[in-house]
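Every value quoted in this text rests on a predicted model; they were computed, and no experiment measured them. In what follows, residues are counted from 1 in the order of the sequence shown.
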Amino acid sequence: QLQASGGGLVQPGNSLRLSCVDSGRSLRIYALGWFRQAPGKGREYVAAITWSNHATDYADIVQGRATVSVDNAEHTVYLQINGLTPEDTALYYCAADTKKSTYYSHTYSDSAVYDSWGQGTQVTVSS
């Protein structure tokens, strides 16, 4: 079961690090993605990382100001976003590919390739 945490209220320009842990350490994860959904908007892709070789992928919306990393021993993936703006305000979700869907396709931005989703953690950027 995936559990996301680390959200909160931050001021514009600050940074935040979100965590996503496989609390049961029971998932065979091939890739883990981060998505977000702002009020009144659709879900959008943020970033992803492969579990074994730590290859990363970022959406344009966070390119250059986000870092996704994985601690395999702790079954935890982190997403740090710097230079937060009010446009980053959203509910952030993590999702795992446990069926190897991304292994050959590398379509990390497609939410359909992820089969295990955690609950969201709210990030609010406001002064």
Side-chain angles (χ1 to χ4, degrees):
Q1 181 178 359
L2 296 177
Q3 294 181 339
S5 62
L9 174 64
V10 295
Q11 292 188 338
N14 284 358
S15 302
L16 202 63
R17 189 175 81 157
L18 307 179
S19 301
C20 177
V21 60
D22 170 21
S23 59
R25 300 193 177 200
S26 61
L27 296 178
R28 175 68 185 269
I29 298 174
Y30 292 93
L32 192 134
W34 286 95
F35 292 79
R36 71 186 189 185
Q37 186 164 16
K41 296 186 178 180
R43 184 168 53 194
E44 61 180 351
Y45 170 69
V46 178
I49 188 167
T50 60
W51 198 257
S52 59
N53 63 357
H54 301 180
T56 57
D57 184 73
Y58 297 95
D60 290 343
I61 53 174
V62 295
Q63 187 72 257
R65 60 188 186 97
T67 302
V68 59
S69 59
V70 60
D71 183 335
N72 295 97
E74 296 298 323
H75 284 243
T76 301
V77 174
Y78 303 98
L79 172 68
Q80 175 155 336
I81 305 178
N82 303 319
L84 288 161
T85 73
E87 288 67 39
D88 293 313
T89 295
L91 192 59
Y92 284 72
Y93 297 90
C94 58
D97 167 23
T98 67
K99 299 184 184 301
K100 216 173 182 178
S101 300
T102 60
Y103 190 78
Y104 298 105
S105 67
H106 301 289
T107 54
Y108 302 110
S109 62
D110 183 359
S111 62
V113 303
Y114 301 95
D115 51 272
S116 181
W117 289 76
Q119 90 293 354
T121 184
Q122 178 68 38
V123 173
T124 302
V125 184
S126 175
S127 55

Closest non-hydrogen atom pair, [X] against [Y]:
{"X": "T102", "Y": "A31", "value": "OG1-CB, 3.4 Å"}
{"X": "Q80", "Y": "S15", "value": "NE2-CB, 4.2 Å"}
{"X": "L27", "Y": "D22", "value": "N-OD2, 3.1 Å"}
{"X": "G7", "Y": "V123", "value": "CA-CG2, 4.0 Å"}
{"X": "S111", "Y": "R43", "value": "OG-NH2, 3.7 Å"}

Quick one: do [X] and [Y] end up in the same hydrophobic cluster if we chain Ile, Leu, Val, Met, Phe, Trp and Tyr together by side-chain heavy atoms under 4.5 Å apart?
{"X": "I29", "Y": "Y93", "answer": "no"}
{"X": "L2", "Y": "Y114", "answer": "no"}
{"X": "L18", "Y": "V125", "answer": "yes"}
{"X": "W34", "Y": "Y30", "answer": "no"}

Parallel, tilted or perpendicular, as decided by the 30° and 60° cut-offs, for the rings of F35 and W117: tilted

Side chain to side chain contact (heavy atoms under 4.5 Å, CB included) between V62 and L79, worked out: CA-CA 11 Å; V62 295; L79 172 68; 6.0 Å; no

For a 4.5 angstrom cut-off between non-hydrogen side-chain atoms, does [X] reach [Y]?
{"X": "Y58", "Y": "V68", "result": "yes"}
{"X": "Y103", "Y": "T50", "result": "no"}
{"X": "L84", "Y": "L16", "result": "yes"}
{"X": "S126", "Y": "T89", "result": "no"}
{"X": "T85", "Y": "P12", "result": "no"}

Kindly say whether [Y] contributes a backbone atom to a donor-acceptor pair with the side chain of [X] at under 3.5 angstrom?
{"X": "R65", "Y": "I61", "answer": "yes"}
{"X": "S116", "Y": "A96", "answer": "no"}
{"X": "T107", "Y": "S105", "answer": "no"}
{"X": "Q119", "Y": "A4", "answer": "yes"}

Verdict with reasoning, W51 to V77, per side chain to side chain contact (heavy atoms under 4.5 Å, CB included): CA-CA 9 Å; W51 198 257; V77 174; 3.5 Å; yes

Step-by-step side-chain hydrogen bond (donor to acceptor under 3.5 Å, both in side chains) determination, D115 to T98: CA-CA 7 Å; D115 51 272; T98 67; 2.3 Å; yes

Within 6.0 Å of CD in Q1, more than 12 heavy atoms from elsewhere: no

Quick one: pull up [atom1] in [X] and [atom2] in [Y] and give me the separation to the nearest 0.5 Å.
{"X": "T56", "Y": "I49", "atom1": "OG1", "atom2": "CD1", "answer": "6.0 Å"}
{"X": "T121", "Y": "L91", "atom1": "OG1", "atom2": "CG", "answer": "7.5 Å"}
{"X": "D97", "Y": "R28", "atom1": "CG", "atom2": "CZ", "answer": "11.0 Å"}

side-chain hydrogen bond (donor to acceptor under 3.5 Å, both in side chains) assessment of Y45 paired with D57: CA-CA 10 Å; Y45 170 69; D57 184 73; 2.5 Å; yes

With sequence neighbours excluded, residues passing side-chain hydrogen bond (donor to acceptor under 3.5 Å, both in side chains) with Y92: R36

Pair N72-H54, side-chain donor/acceptor within less than 3.5 Å: yes

